[in-house]
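The block underneath contains the structure these notes are about, expressed in structure tokens.
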Amino acid sequence: MNTTWHDGHVLGQGAPLDARVDWHVEHASACGCRALPASVVAELERRGVPVPERRRDA
Ligand SMILES: [Zn+2]
């Protein structure tokens, strides 16, 4: 887990979908400790944005 990245990118509990989508897209390239939630994947697909691959080295 990339704790340095996490320390600088804290996602609040009530964060809006937009913020969660941005967070998860960045997270997927910085760290792979968590899979993208279905709600974020669905929103990326709705926007026509490629779903990032989850890193496997975390
Ligand atoms: Zn992580």
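Indexing begins at 1, ligand by ligand and atom by atom, following the structure's order.
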Between Val49 and Val25, does the side-chain contact (heavy atoms from CB on, under 4.5 Å) criterion hold? Intermediate values first, please. CA-CA 10 Å; Val49 176; Val25 168; 5.5 Å; no
Steps toward side-chain contact (heavy atoms from CB on, under 4.5 Å) verdict (His27, His6): CA-CA 8 Å; His27 180 254; His6 274 276; 3.1 Å; yes
Audit row: Ser39, Arg20, side-chain contact (heavy atoms from CB on, under 4.5 Å) steps and yes/no: CA-CA 9 Å; Ser39 58; Arg20 303 212 320 272; 3.2 Å; yes
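Pro37 approaches His24 most closely through the heavy-atom pair CD-CE1, 3.4 Å.
For the Zn ion (ligand 1), the set of protein N/O/S atoms nearer than 2.8 Å consists of His6 NE2, His27 NE2, Cys31 SG, Cys33 SG, ordered by chain and number.
The closest donor-acceptor contact from the side chain of Arg54 to the backbone of Gly32 lies under 3.5 Å.
Hydrophobic clustering (side-chain heavy atoms under 4.5 Å, transitive across Ile, Leu, Val, Met, Phe, Trp, Tyr) groups Leu11 together with Trp5.
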